[in-house]
Number of protein chains: 2
Amino acid sequence: MTDSMDSRHPPAKAKAKAKARAAGKRQQLTAAAARVLHEQGVERTTIADIARAADVPAGNVYYYFKTKDELVEAALSEHVTHLETLTGRLDQLPDPRERLKGLIDAWVEQRDTAARYGCPTGTLAAELDKRSEGGLDLSAGRVIRRLLDWVEQQYRHIGVADPEGHALALVGAYQGMSLLSNALRDPEIMAREGARLTREIDALG
Amino acid sequence: MTDSMDSRHPPAKAKAKAKARAAGKRQQLTAAAARVLHEQGVERTTIADIARAADVPAGNVYYYFKTKDELVEAALSEHVTHLETLTGRLDQLPDPRERLKGLIDAWVEQRDTAARYGCPTGTLAAELDKRSEGGLDLSAGRVIRRLLDWVEQQYRHIGVADPEGHALALVGAYQGMSLLSNALRDPEIMAREGARLTREIDALG
DNA sequence: GTCTATACATGGATAGAC
DNA sequence: GTCTATCCATGTATAGAC
């Protein structure tokens with residue numbers, strides 16, 4: 001008698017399928033966490049909120065994530081993935097100016113979300129800064145650093161003086177306009193500032 | 001017998017003094033709230049935290065403020081006061097360019113605080129946005145609006161085209177550099193961006 | 001692997017003594 | 001006007017049945 005037919009010892013295929021389902025739920029929870037944490041903020045979001053949004057029973061969450069902090073980490077990695085997808089797509093464009101303008105376009109496209117909830121990464125960075133009791137987490141800082149580095153590379157290709165300074169100014173402008181747009185609940189601020197930033201890039205020597 | 005000597009009915013002077021003391025404690029609590037809420041964030045700050053910082057017994061707080069939200073409101077009004085003191089001082093300067101550069105200097109002077117805790121008004125605005133359940137509070141937005149209006153006036157005096165756009169860009173740059181400086185824990189970002197903003201004002205037609 | 005029930009801690013707010 | 005004791009809701013996390 002082989003144990004491959006024994007229901008108590010599922011065959012490899014069934015095991016793999018169960019694993020895939022589990023990974024699927026983990027991914028569902030991660031995506032839901034990214035969305036809900038952005039909309040409600042970290043401190044005001046409960047595990048139950050995320051479970052509901054992911055369509056997973058509340059008590060089940062702890063099977064996939066041991067603590068709330070792990071869910072926050074997962075949400076953060078989700079933002080990294082989004083960022084890399086975007087820059088990866090923009091890297092296909094031949095001209096670094098076009099790449100930067102494409103980035104700005106992507107920001108402006110998200111204007112309604114930004115006006116309602118702020119920049120996902122920026123608001124998360126501000127919250128995580130306060131969440132870690134002087135413990136110096138900086139995990140959100142690393143995501144912003146990554147964006148900063150990519151932008152700096154583009155300015156370097158263009159050949160401007162002080163590419164790092166230009167990158168700080170551009171990413172800073174994005175964070176600033178997101179915050180203003182959110183505080184005043186006005187998506188048009190994003191469009192307006194985006195147009196200005198685009199003009200500045202066009203005007204680059 | 002006059003009741004002015006009756007200990008159960010203190011004379012007007014004593015009453016006034018008690019009132020002054022009460023107002024003093026209220027002010028102590030307001031100042032402490034502004035500081036602690038900025039450092040720890042609204043959601044992670046307890047009434048007890050504020051009471052301790054203000055050197056007032058915990059249970060006593062509710063005599064001065066009925067709810068935590070009222071304390072947050074008080075902290076916000078404290079920021080308004082600071083802002084008005086600053087702009088009032090800058091209004092003494094004859095040249096609007098100097099007024100704007102003075103504002104930037106004030107921002108840069110606060111760089112260590114900004115790197116550690118972010119812009120007091122900006123972080124508060126982001127938090128309050130999430131605190132009000134879609135209820136559209138915008139009270140922090142009004143403070144930012146006030147700053148925006150003052151800056152716009154200066155650009156108007158200078159005579160630039162689109163003073164509103166210039167104001168959005170300047171205040172946005174401030175919020176952005178505060179967030180970046182905070183996320184990366186680097187006060188020098190404030191100094192660097194401040195210098196750039198100052199140069200831009202000097203370069204204005 | 002999935003889900004329910006619940007333990008346990010925290011913190012906002014109130015009652016009432018002084 | 002000041003302070004203590006406490007109520008009560010909320011939310012994280014765990015135990016253990018299925």
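Throughout, protein chains are lettered first and strands after them, A, B, ... in sequence-line order, and every chain is numbered starting at 1. What's counted below: heavy atoms across the whole structure, side chains too, no hydrogens, waters or symmetry copies.
Of the two residues contacting DNA chain D, namely Gly59(B) and Val42(A), the nearest-nucleotide position lying further toward the 5' end is that of Gly59(B).
Look at CD1 on Ile50(B): it is 11 Å from P on dA13(C), rounded to the nearest Å. When the P atom of dC18(D) is taken as reference, atom CG of Asn60(A) falls 17 Å away, rounded to whole Å. Counting to the nearest Å, the P atom of dT12(D) and the CG atom of Leu71(A) are 10 Å from each other. To the nearest angstrom, C1' of dC3(D) lies 14 Å from CG of Leu29(B). Glu43(A) places its CD atom 11 Å from the P atom of dG11(C), with the value rounded to the nearest Å. Spacing between atom CG of Asp55(A) and atom C1' of dC3(C) amounts to 14 Å, rounded to whole angstrom units. Per the geometry, CZ belonging to Arg44(B) stands 9 Å off P belonging to dG11(C), to the nearest Å.
Look at Asp162(B) and Arg192(A) and you find a salt bridge, because one of the NZ, NE, NH1 or NH2 atoms lies within 4.0 Å of a carboxylate O, short of that distance. A salt bridge links Glu84(B) to Arg146(B): one of the charged nitrogens lies within less than 4.0 Å of a carboxylate oxygen.
Closest contact between the side chain of Thr46(A) and the listed nucleotides dG12(C), dT2(D), dT12(D) involves dT12(D). Taking every side-chain heavy atom of Tyr62(A) into account, dT12(D) is the closest of dA13(C), dT12(D), dC3(D). Picking from dG12(C), dC3(C), dA13(D) the nucleotide with the shortest atom distance to the side chain of Pro57(A) gives dC3(C). Of the candidate nucleotides dT2(C), dT12(D), dT2(D), dT12(D) has the atom nearest to the side chain of Ile47(A). Checking dA13(C), dA13(D), dT2(C) against every side-chain atom of Lys25(A), the shortest atom distance belongs to dT2(C). Side chain of Lys68(A), nearest nucleotide from dC3(D), dA13(C), dA13(D): dA13(D).
In this structure, Met177(B) CE and Asn182(B) CG are separated by 13.0 Å, a value rounded to the nearest 0.5 Å.
Here Tyr64(A) reaches the OP1 or OP2 of dT2(C): one of its side-chain N or O atoms lies under 4.0 Å away. Contact check, Tyr63(A) against dG1(C): a side-chain N or O comes under 4.0 Å of OP1 or OP2.
Taking the six-membered ring where tryptophan is involved, the planes of Tyr155(B) and His166(B) are tilted, since the angle between them lies from 30° to 60°.
Between the side chains of Ser139(A) and Asp137(A), at least one donor-acceptor pair of N or O atoms lies under 3.5 Å.
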